[in-house]
There are 2 protein chains.
Amino acid sequence: MNRYIKADSWSIIEEGFCRDNQRSSESIFSLGNGKMGQRANFEERYTGPSIKGSYIAGIYYPEESHEKRRGAGRPEYSARAINTPNFIGIDVIIDGHMLNLFICDVKSFRRELNMKEGVLTRSFTAELPNGKAIEVCSTRFLSMADTECAAIRYSIKALNFSGKISMIPYIDGSITNKDSDDSMWDIIRMDVHNSEATLHTKTKKLDFHVAVAMRSSIYVNGTKCQDIRPELIKKEAWVGNRYNLNINEGDVVCLEKYVGVCTSLNHHIETLFSKSLEQATKCEKRGFDSMLCDHSQVWALKWKQSDIRIEGDIEAQQAIRYNIFLLCQTYTGEDARLNVRPDGFTGERAGATAYWETEAYCIPFFLMTSPQDVARQLLIYRYKHLEQAIENASKLGFTNGAALYPMGTITGEECHDEWEISLEEIHRNGAIAFAIHNYIRHTLDYKYLDQYGLEVLIGIARFWSQRITFSEEKQKYVMLGVTGPNEYENNIDNNWYTSRLACWCMKYTIECIDIVKRNTPTAWSRIKTKVAFDEAKEPALWKKIIDNMYYAYNQQLNIFLQQDGYMDKEQMFATDIPEKELPLNQHQSWDRIQRSCFIKQADTLQGIYLFEDEFDTDTIARHFDFYEPRTVHESSLSPCIHSILASRLGRTDKAYEMYLRTSRLDLDDYQNEVAEGCHITSMAGTWMSIVEGFGGKRAYEGRLYLAPIIPQQWESYSFRLAFRGHDIEVNVSHEDVTIMQRGNGELPIAVYGHNYIINSGEELRIKR
Amino acid sequence: MNRYIKADSWSIIEEGFCRDNQRSSESIFSLGNGKMGQRANFEERYTGPSIKGSYIAGIYYPEESHEKRRGAGRPEYSARAINTPNFIGIDVIIDGHMLNLFICDVKSFRRELNMKEGVLTRSFTAELPNGKAIEVCSTRFLSMADTECAAIRYSIKALNFSGKISMIPYIDGSITNKDSDDSMWDIIRMDVHNSEATLHTKTKKLDFHVAVAMRSSIYVNGTKCQDIRPELIKKEAWVGNRYNLNINEGDVVCLEKYVGVCTSLNHHIETLFSKSLEQATKCEKRGFDSMLCDHSQVWALKWKQSDIRIEGDIEAQQAIRYNIFLLCQTYTGEDARLNVRPDGFTGERAGATAYWETEAYCIPFFLMTSPQDVARQLLIYRYKHLEQAIENASKLGFTNGAALYPMGTITGEECHDEWEISLEEIHRNGAIAFAIHNYIRHTLDYKYLDQYGLEVLIGIARFWSQRITFSEEKQKYVMLGVTGPNEYENNIDNNWYTSRLACWCMKYTIECIDIVKRNTPTAWSRIKTKVAFDEAKEPALWKKIIDNMYYAYNQQLNIFLQQDGYMDKEQMFATDIPEKELPLNQHQSWDRIQRSCFIKQADTLQGIYLFEDEFDTDTIARHFDFYEPRTVHESSLSPCIHSILASRLGRTDKAYEMYLRTSRLDLDDYQNEVAEGCHITSMAGTWMSIVEGFGGKRAYEGRLYLAPIIPQQWESYSFRLAFRGHDIEVNVSHEDVTIMQRGNGELPIAVYGHNYIINSGEELRIKR
């Protein structure tokens, strides 16, 4: 834990310069626009501890798999996020000395991420080792309006000297990843001209091409220097302009840098070079302020759809906006090939782009805060990978169109390189099926089943029906050798969550087949032929499995056990762990962690959450009371689920405690790891813990349910929901709940178990 | 399986040239002298599929561990066998064409590994693409008498032409490992002079220095060419001499290459360069035939100590000698820092030097075929690593001097990089303790306990006493999260073998403490203080655990189960697996393998083997009959144990089937993997399956027991045993058993349960 971010309702603010926090701040203050993003590295040189990172969505690097020796069907490669050319760089030289805050005397320092407008600003005064003092202010953004463009304004005031100043905007293709000194890029072409430079590079593997161009202009005391001719510099993989000026004390020099980034994902390779330069030139013509205006208008719309307002608790307010902000920076729903990368554009920890968090956490968020198409597109992403999921399963020995979706993927292939995860953490398959259900129960878009969903469900149900084993000893079906969401256990038998979810998938698939058969018989006939479905045998087998599935259970406690043998472990509570041994994964050995009863993240409770409507309150409470104290929440995906269940049980204090933990996970660095990147997908869980947790929002059969509670620390809170064409605003205070709906006709809704109809433009007010 | 080796009692022979077998033959025909070794690569250029490999014992390379992220105490590095400079190379150019069998028309080809003398010869006639035909004969060996020296004699006869021939002996430091193109060597110094060249290199990490020097002389039709001046060639990491000759049809040109190899393991770095050249020069002066004579005398002694003779089954005879030969090439017992690397000098598969096979397989072999000091030295190797084993355990959270020996090590640190092996395959600790017991029951060298053994045992017993968990549910001690010898299961609970062995370790340690306390109280008092032993509490706890240990057990079958939940698996036999899916690890997914009931290698049966004296014949048979049919023997360590147990049960046919499998594992390539290297440590298992299996040899309390049986395929067999100063030769035929002893005084011995005394020089003959 490390708390240094200043509280503010709309901004993330760091005040004072702390070299030790630099890498954390680089993650926290990251920028992104769905297409590209970057850590909050400084524009000027910085030689202190730092992780330099610029990333482009959809561009990755394949590494040789370490586990190839493990039998058939292991990943061909392990995917890796790749650092792309750095375009923010501006070297500054004052009378022969390179500006470098690591070795300067930094007198004041302020960094602000304005979330309302999506702008990063930084200001400081610094004295260089040569005694020259300057005041610097930089502002930058990656345009949400024009996602191939970025702009930086960087100004320097000479505080105590007259002399020479050089500013060198550049593009650097000599980047490497954090954990390797090997370049992954070949330079195709470089060009540098007056006030402009362009670099065209290509990845050494897979041939992703990226061209980056910059245009720059320079101002002294607000007046553009038309006649200044920069030196043109070209190094091995680096192009830049060097502006040399003589200035007087008090003068302000300002550089504007306009950047265009084009890739072979969206352009022909031959045009890349010129396209990127066109984009940079276009930006320069439009100008910094106009570009910023376009950009902030996009943000205004995003906030209109997704903002959550909390009165009376500024830290909670800041946190929820931060979570929403990073989610919106990471995925905009505009490109069907992309997905929600777990660390977005903030780090290199996650290799692949799509994990089960997309379905389990992000779809609920996008489903309620974006046009319906965004969630649908995320579902179609998996439909497009169905053939590869079937191939993946067949490599592992499954037959008859069984599909196993990869644990981590970019283009549909498995590229997660640990057997206990890729082969055994198969509950992801269930999350993908459940997301279809979730989408349909919200939208009633049954057409999705005909077109895409049912094929995916059948592939998944077939997988489960083959993944189980009939135990002669138990005379039941068992599920051997799995890893549940709690990755502090591996290769366990009869993980309740996985087994329960598997049976649900088979049951839901049978239901969906019936729906499609009944509603659109021609669609069913097409699908049936396509997947060679055996109507006599397959559903019968699935039902037999569902009816005879074995679940680990403890009679005495009357709870389902996380897995076989869980009660053989030494039973302890998370509060028994000495503070200095937390987080466990940084202090204890993997051996000890695995043998302990401690749970990394919601596992059995993840299932209780998913299938909440099947359990009475006592059952939920029994499971919560058993598992919560044993959970160490060392996955970012955990506290939100616990928060939602605590809300469901009316335990507002516990729900609030868990809410703080999920919402400020990265801002307050609960896991001592934010330096490596933020946890984007779990940020959707924070949203869930307010809307589904405190708000009690549910949706069944196209109908909305609410049952809001409110933490006593808050005066009120409000959230927006996009639901079947309705634009709904829910306000919750200690006195009442108001629900305003603008949109399509009548909204039937249940609040605290009572049914209401809200007409368009009307507000429903209910006393609490 | 691939059978092409010609049967011969003393040689391994390949006839005819098959490019597809080249890599396998490179492994099978490997040479080694304990200090260095090499695959049977050709001297001349070969561009076909080939794995070039030269290795020096004790020189390795640290690689970054892939699993560093897994909590505390993970290996700092993962070890890697490293290719060392190639000194066998002799390029041959005939009238401008490089000799390269891959593109020649090879008319005859014969390769022979003469095991009696330790010499590799190769002869062939080949027509080059330019039509020139030559007959080549090469002979090489790595001296056992002078282990820094090697010699090659390479002769070429011009069959159908007169013309130019160039021979270019060289030393090549530009080697890389099979799985990487990155050089791991820096060149320190290179020199080339008339008839000599020297290369001094250093590993890029850890700074191992190696200098290799060569001297060469050339003969035409048997006459040394005194006046020929080779061209001196020096490339980036390569030094050579080029001899250019004009020859007539029928002429024979012969090159002798003498090599000296010196390393910083044995010399000061400054002297390395000159030392290696001294060695090469010394060899040249001594001459090829004299060197070979010294070398083969060492082999004669080795065979005198360890040979096994089988009459009536030439393939079995060839195989057992091959196994003994490779073991003797790999480990000579001369250097206390070395150990028995699982693939010796034949490949790069094993990263580390010492695994549990040393204790479980190799010590029984060396104990009975070498002076007692050799086995003792292998035990001391572990004693010297005790502190590191304690440190290793403490990193994993164990306390109070608990020791966990590494799964794979070179210098005492864990350098095996897979959590399920390094953290969980902890039975290795038991093998190390059992080897002490085995040594002492053979030698009665109780002094070893005082000096070294007891400290090791206490460290190991302490580890086990902390590794168990008390299950409140079972009211028993359980052992969670282990991997047994059967590595087709991982992270299982209550592996019977591990739990049983753990309890045995604690029991044996208590016994040994009592012995030392009784016999040498001062030693005990020193040890007690050194390890801070709590005499009141520690043994009491150990006894409590031993008395209350839980073992998975099946009532109905009356057998111990390999682990909890084993009977939930689908029960099948290895014979149910289609031929095309074998070996499983090359055809099935890791997921399927782990969930199946198939057993990679003796696991429960490994325990039955170790503790055989505690079980009656019926119990052994019940376990054998249950586990044998489920075992796929995909570890080289497996069939020998099954063979020994089958012999114990009097099932000679089964024992013989398993014997063939173990003994010809590499020669007939049962696992389709000999191309990557041989399985050296398991070769000791082959020896065991004759001596302990067919021969029924046991040793308890310093007394020898025999109960020979004989496969019907054999006429007779004999083996030699070194036992407490006695040199014993056992001959077994279908009619009788004769036991000849030469050595120290009387030998008390039990044969078929009857006691005898054999005086020195006498033979005991017993009718079967």
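All values below were derived from every heavy atom in this structure, side-chain atoms included, with hydrogens, water molecules and symmetry-related copies excluded. Chain naming here is simple, since letters A, B, ... match the order of the sequence lines and numbering starts at 1 in each.
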Separation between SG (A:C597) and CG (B:L480), nearest 0.5 Å, reads 11.5 Å
Walk me through it: do B:D568 and A:F470 pass the test side-chain contact (heavy atoms from CB on, under 4.5 Å)?
CA-CA 8 Å; B:D568 280 339; A:F470 186 73; over 6 Å; no
Contact part of B:Y550 toward chain A, heavy-atom cut-off under 4.5 Å: side chain, backbone, both or neither?
neither
Distance, nearest 0.5 Å, that separates CD1 of B:I426 from CG of A:D591:
7.0 Å
If one checks every heavy atom of B:K569 against chain A at 4.5 Å, the contacting part turns out to be both
Rounded distance [0.5 Å steps], CD1 in A:I492 versus CG in B:D493
10.0 Å
For the student: nearest non-hydrogen atoms of A:M567 and B:S471, plus distance:
O-OG, 4.3 Å
Proximity breakdown for B:E570 and chain A, heavy-atom pairs closer than 4.5 Å:
both
Counting heavy-atom pairs closer than 4.5 Å to chain B, which one of A:E424, A:R592, A:E489, A:K474 comes out on top?
A:K474
Among A:E418, A:Q594, A:E420, which residue satisfies the side-chain hydrogen bond (donor to acceptor under 3.5 Å, both in side chains) criterion with B:W419?
A:E420
Can a donor-acceptor pair be found, under 3.5 Å and without considering hydrogens, that links the side chain of B:N491 to the backbone of A:N491?
no
Contact winner vs chain A - B:K395, B:E472, B:R467, heavy-atom pairs under 4.5 Å
B:R467
